[in-house]
A.B. asks: 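Handing you this structure, nothing more for now.
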2 protein chains.
Amino acid sequence: MLFIAARDVAGKSASVLAAAGLGRAHARALHFIARNPGLSVAELLGFLKITKQSLNRVMSDLLNGGFVERKTGMQDRRTRSLQLTPAGMALAEAVWNAQRPILAAAFRAAGQDAVGGYRKVLIGIAGDPVRWRKNP
Amino acid sequence: MLFIAARDVAGKSASVLAAAGLGRAHARALHFIARNPGLSVAELLGFLKITKQSLNRVMSDLLNGGFVERKTGMQDRRTRSLQLTPAGMALAEAVWNAQRPILAAAFRAAGQDAVGGYRKVLIGIAGDPVRWRKNP
DNA sequence: CTCGTTACGTCAGACATGCTGACATAAATA
DNA sequence: TATTTATGTCAGCATGTCTGACGTAACGAG
């Protein structure tokens with residue numbers, strides 16, 4: 001059920017992404033950058049659990065497409081601070097708008113208590129999102 | 001969180017599958033055949049939501065590896081009835097044993113009520129598993 | 001029984017996304 | 001200064017998905 005649910009939610013964004021010439025891998029990177037503005041490349045790789053080589057193409061597309069901005073880190077100038085451009089924010093919002101209805105309907109149908117339990121179990125499986133980012 | 005949870009649970013089975021020379025696509029097919037013994041190819045495609053061409057390689061591997069048995073359907077002789085061989089059952093169980101600990105720990109930590117809510121929400125997103133199979 | 005439809009099998013080629021290995025550069029740090 | 005760290009980049013390979021095209025066997029309507 002986890003597989004089906006994740007697939008179906010991710011699938012909702014396909015048309016929006018295709019219109020921008022992007023795929024699901026781009027959507028995931030976009031998602032984590034949107035929720036952790038200014039994160040470093042290493043942090044993003046930690047979220048995605050892929051190699052930097054795999055991220056390379058995805059990031060190139062996002063940078064060339066003007067969806068993500070890459071600046072030299074302030075404390076440590078070796079790092080890169082990643083954040084969405086206005087175009088990137090608009091795209092992230094469009095993706096969310098495509099996915100929201102299915103989640104909202106499920107949450108509404110299940111009720112608030114059920115959603116609390118749902119979150120609790122997902123945190124048990126995936127870890128607490130609050131602790132995902134180690135060096136903010 | 002859905003993405004992370006699904007990825008992490010699926011990831012647990014990688015080593016078991018690699019030992020059998022299979023990948024995650026095989027595991028998914030194996031999973032649905034295990035839970036719906038005797039299902040047809042069309043039904044399996046409905047669960048997986050992929051094309052028959054994509055399923056082709058996966059099924060060839062499973063058949064050649066002796067994990068799945070394919071018999072001519074009884075009512076409709078055009079269909080194929082798919083079920084696991086003993087080897088397939090053993091592999092499915094090994095996969096489950098690899099994935100179970102992470103789910104069991106999350107369920108135990110969250111409590112029974114939370115698990116009920118978790119199931120309720122997932123059913124809202126993915127649909128009721130009981131109704132997934134249309135022509136049993 | 002013939003004909004159209006359905007369920008399945010298969011080949012060929014393409015794309016998306018992941019991987020490893022190897023090497024380069026700049027900045028921090030010992 | 002020497003080493004380590006954070007990142008970028010190129011080349012090649014594996015997996016899993018897709019579309020398109022074609023073939024076969026069996027069902028069902030007429």
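Reckoned from all heavy atoms, side chains included, excluding hydrogens, waters and symmetry mates.
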A.B. asks: Roughly how many Å is it from CZ in Arg77(B) to C1' in dT5(C), rounded to a whole number?
C.D. replies: 18 Å
A.B. asks: Separation of Arg28(B) atom CZ from dT15(D) atom C1', in whole Å?
C.D. replies: 11 Å
A.B. asks: Is a donor on one side and an acceptor on the other found under 3.5 Å between the side chain of Thr85(A) and the backbone of Gly66(A)?
C.D. replies: yes
A.B. asks: Under a 3.5 Å distance rule, please check whether Gln83(A) uses its side chain to pair with a backbone N or O of Pro37(A) as donor and acceptor.
C.D. replies: no
A.B. asks: Taking all heavy atoms of Ala126(A) and all of Ile4(B), pick out the closest pair and write down the distance.
C.D. replies: CB-CG2, 3.4 Å
A.B. asks: Is the shortest side-chain N/O distance from Ser54(B) to OP1 or OP2 of dG16(D) below 4.0 Å?
C.D. replies: no
A.B. asks: For Met74(A) and for Ala25(A), find the nucleotide of DNA chain C with the closest heavy atom, then tell me which residue's nucleotide is more 5'.
C.D. replies: Ala25(A)
A.B. asks: So what does Asn56(A) hit on the nucleic acid, given a heavy-atom distance under 4.0 Å: a base, only sugar-phosphate, or nothing?
C.D. replies: base
A.B. asks: Starting from C1' on dA14(D), measure out to NE2 on His26(B) and report it in whole angstrom.
C.D. replies: 12 Å
A.B. asks: Starting at CG of Leu45(B) and ending at P of dG16(D), how long is that distance when rounded to a whole Å?
C.D. replies: 16 Å
A.B. asks: Side chain of Arg78(A), base of dT7(D): donor and acceptor closer than 3.5 Å?
C.D. replies: no
A.B. asks: Base, sugar-phosphate or nothing for Thr79(A)? Non-hydrogen atoms, less than 4.0 Å.
C.D. replies: sugar-phosphate
A.B. asks: Taking atom C1' of dC18(D) as reference, at what distance in whole Å does atom CZ of Arg7(A) sit?
C.D. replies: 15 Å
A.B. asks: Have a look at Arg24(B) and say if it touches a base, only the backbone sugar-phosphate, or nothing, with a 4.0 Å heavy-atom cut-off.
C.D. replies: sugar-phosphate
A.B. asks: Does CD in Gln53(A) sit with more than 12 non-hydrogen atoms of other residues, nucleotides or ligands closer than 6.0 Å?
C.D. replies: yes
A.B. asks: Quickly work out the Phe47(A) CZ to dG18(C) P distance and round it to whole Å.
C.D. replies: 16 Å
A.B. asks: For Met59(B) and dC11(C), give me the distance from atom CE to atom C1', rounded to whole Å.
C.D. replies: 18 Å
A.B. asks: On DNA chain C, nearest-nucleotide positions of Leu63(B) versus Gly23(A): which is more 5'?
C.D. replies: Leu63(B)
A.B. asks: Which of the following nucleotides, dG9(C), dC19(C), dA6(D), is nearest to the side chain of Asp76(A)?
C.D. replies: dA6(D)
A.B. asks: Ignoring hydrogens and angles, does a donor from either the side chain of Arg57(B) or the base of dT17(D) sit under 3.5 Å from an acceptor on the other?
C.D. replies: yes
A.B. asks: In terms of side-chain heavy atoms of Lys52(B), which of dC8(C), dA22(C), dA6(D) is nearest?
C.D. replies: dC8(C)
A.B. asks: Leu122(A) and Ala5(B): which non-hydrogen atoms are nearest, and at how many Å?
C.D. replies: CD2-CB, 3.8 Å
A.B. asks: Can you tell me how far C1' of dC23(C) sits from CD of Gln53(A), to the nearest Å?
C.D. replies: 11 Å
